[in-house]
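So the structure is just underneath, and the comments pick up after that.
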Protein chains: 2
Amino acid sequence: MAVTASKPTLAERPCDTSTWDAGNCPVRDVMNHIAGKWSTLILQALSEKPYRFGELRRLVPDISQRMLTQTLRDLQRDGYIDRQVFPTKPPSVEYRMTPLGYSLFEPLSAVLAWAASNHANVRAARSKFDASDLR
Amino acid sequence: MAVTASKPTLAERPCDTSTWDAGNCPVRDVMNHIAGKWSTLILQALSEKPYRFGELRRLVPDISQRMLTQTLRDLQRDGYIDRQVFPTKPPSVEYRMTPLGYSLFEPLSAVLAWAASNHANVRAARSKFDASDLR
DNA sequence: CTTTGTTGGTCTCAAAAAGAGACTAACACT
DNA sequence: AGTGTTAGTCTCTTTTTGAGACCAACAAAG
């Protein structure tokens with residue numbers, strides 16, 4: 001697959017250089033929570049349909065319960081997902097994407113799609129780097 | 001600002017459930033490298049124009065030299081940026097975005113723009129969570 | 001009626017990653 | 001001679017992550 005993108009209009013720069021230090025930069029404040037190793041994966045799952053804790057655990061086989069709990073809490077805290085407890089026995093917990101979550105997932109899914117279609121390019125670049133260059 | 005997105009067509013799912021374990025999932029393979037704390041920030045800077053090591057360091061005041069070096073190496077390895085050494089004294093090194101990098105930055109910048117315009121929503125959700133709920 | 005399984009977590013401890021800061025070489029300028 | 005600049009690397013400490021044991025309460029199986 002060929003790469004055809006050129007430098008985009010640098011008009012919409014979401015964060016100017018004067019606010020690039022953490023604490024002042026809104027973009028960093030938001031991104032630092034969704035840029036984690038597991039966040040996008042969970043968002044991707046919940047964009048499809050609501051899932052329960054155990055289902056997510058099985059869906060992402062190599063996440064630890066600890067990190068699943070923490071990732072879900074963080075996503076809930078930032079308003080991307082909702083948590084609902086059902087009084088079954090034992091109680092079950094369902095996670096569901098909020099409108100805010102869906103609105104985030106819209107642009108995010110474009111990045112995921114890019115990753116899917118450009119995996120080969122990236123792997124090629126890696127091989128080239130590892131073979132020729134340093135290290 | 002109002003959030004108006006609804007559930008997007010779940011047609012384009014870049015990674016089906018059978019390949020959600022790391023090692024098999026192309027999306028994870030790509031995302032795990034650009035989802036770091038510093039990667040998007042560096043990509044954002046280099047999308048604008050080439051920068052030298054020290055310039056990036058000053059641009060992102062709270063990154064350590066160690067992590068800047070490592071982030072740049074990773075981005076270079078995956079083919080998003082190029083590294084060029086100029087034989088000045090002392091030698092200077094310029095980092096520049098590649099076509100592959102620009103093609104990634106296109107969808108990525110939409111997420112950054114989302115983050116910029118939805119910062120208030122996220123902060124509101126956080127306050128609500130911290131105040132009412134658990135912890 | 002005891003054993004086993006299920007739920008969604010938390011707790012502890014070890015391993016990995018990140019951050020802070022000193023240190024380098026070779027030259028330019030003062 | 002001393003100071004500053006370049007782009008890093010090296011070491012040490014702190015933070016984050018991962019692996020796995022443990023929990024209570026009930027259901028179903030034996």
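Residue numbers start from 1 in every chain, and the chains themselves are labelled A, B, ... in the order their sequence lines are given, proteins ahead of strands. Excluded from the calculations below are hydrogen atoms, water molecules and symmetry mates; all remaining heavy atoms, backbone and side chain alike, are included.
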Report task. Check whether any side-chain nitrogen or oxygen of A/Trp38 sits under 4.0 Å from OP1 or OP2 of D/dG18, and answer yes or no. Result ->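 Affirmative; the distance criterion is met.
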How long is the line joining [atom1] of [X] and [atom2] of [N], in whole Å?
X: A/His33; N: D/dT16; atom1: NE2; atom2: P; result: 11 Å
X: B/Asn32; N: C/dA17; atom1: CG; atom2: P; result: 12 Å
X: A/Gln70; N: D/dT15; atom1: CD; atom2: C1'; result: 12 Å
X: A/Arg73; N: D/dT16; atom1: CZ; atom2: C1'; result: 18 Å
X: B/Lys37; N: D/dT16; atom1: NZ; atom2: P; result: 8 Å
X: B/Met67; N: D/dC10; atom1: CE; atom2: P; result: 16 Å
X: A/Ile63; N: C/dG8; atom1: CD1; atom2: C1'; result: 14 Å
X: A/Leu68; N: D/dG18; atom1: CG; atom2: C1'; result: 13 Å

Query raised in the report: Contact class for B/Arg57 vs. all strands (heavy atom < 4.0 Å): base, sugar-phosphate, or nothing?
Result: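 No contact.
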Requested in this report: Would you classify A/Tyr95 as touching base, sugar-phosphate or nothing, given that sugar-phosphate means primed atoms plus P, OP1 and OP2, and contacts are heavy atoms under 4.0 Å?
Outcome: sugar-phosphate
Query raised in the report: Do other residues, nucleotides or ligands put more than 12 heavy atoms under 6.0 Å from the CZ atom of A/Arg126?
Result: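 Counting other residues, nucleotides and ligands, CZ of A/Arg126 exceeds 12 neighbours.
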Query - Contact check, side chains of B/Trp38 and B/Asp62, non-hydrogen atoms, under 4.5 Å - result: yes
**Report entry** B/Arg123 and A/Asp29, any side-chain heavy atoms less than 4.5 Å apart
**Finding:**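 A side-chain contact under 4.5 Å exists here.
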[X] side chain: which of [options] is closest?
X: B/Pro90; options: D/dG8, D/dG18, D/dT5; result: D/dT5
X: B/Ser64; options: C/dG8, D/dG8, C/dA20; result: C/dA20
X: B/Arg52; options: D/dA7, C/dG19, D/dG8; result: D/dA7
X: A/Thr69; options: D/dT6, C/dG19, C/dG9; result: C/dG9
X: B/Arg66; options: D/dA7, D/dT17, D/dT11; result: D/dT11
X: B/Gln65; options: D/dA7, C/dT6, C/dG19; result: D/dA7

Report task. Nearest 0.5 Å please: distance from the CD atom of B/Gln76 over to the CZ atom of B/Arg96. Result -> 13.5 Å
**Report entry** Contact nearer the 5' end of DNA chain D, comparing B/Lys89 with A/Asp62
**Finding:** B/Lys89
Query raised in the report: Is a side-chain N or O of A/Arg28 found less than 3.5 angstrom from the main chain of A/Trp20, in a donor-acceptor match?
Result: yes
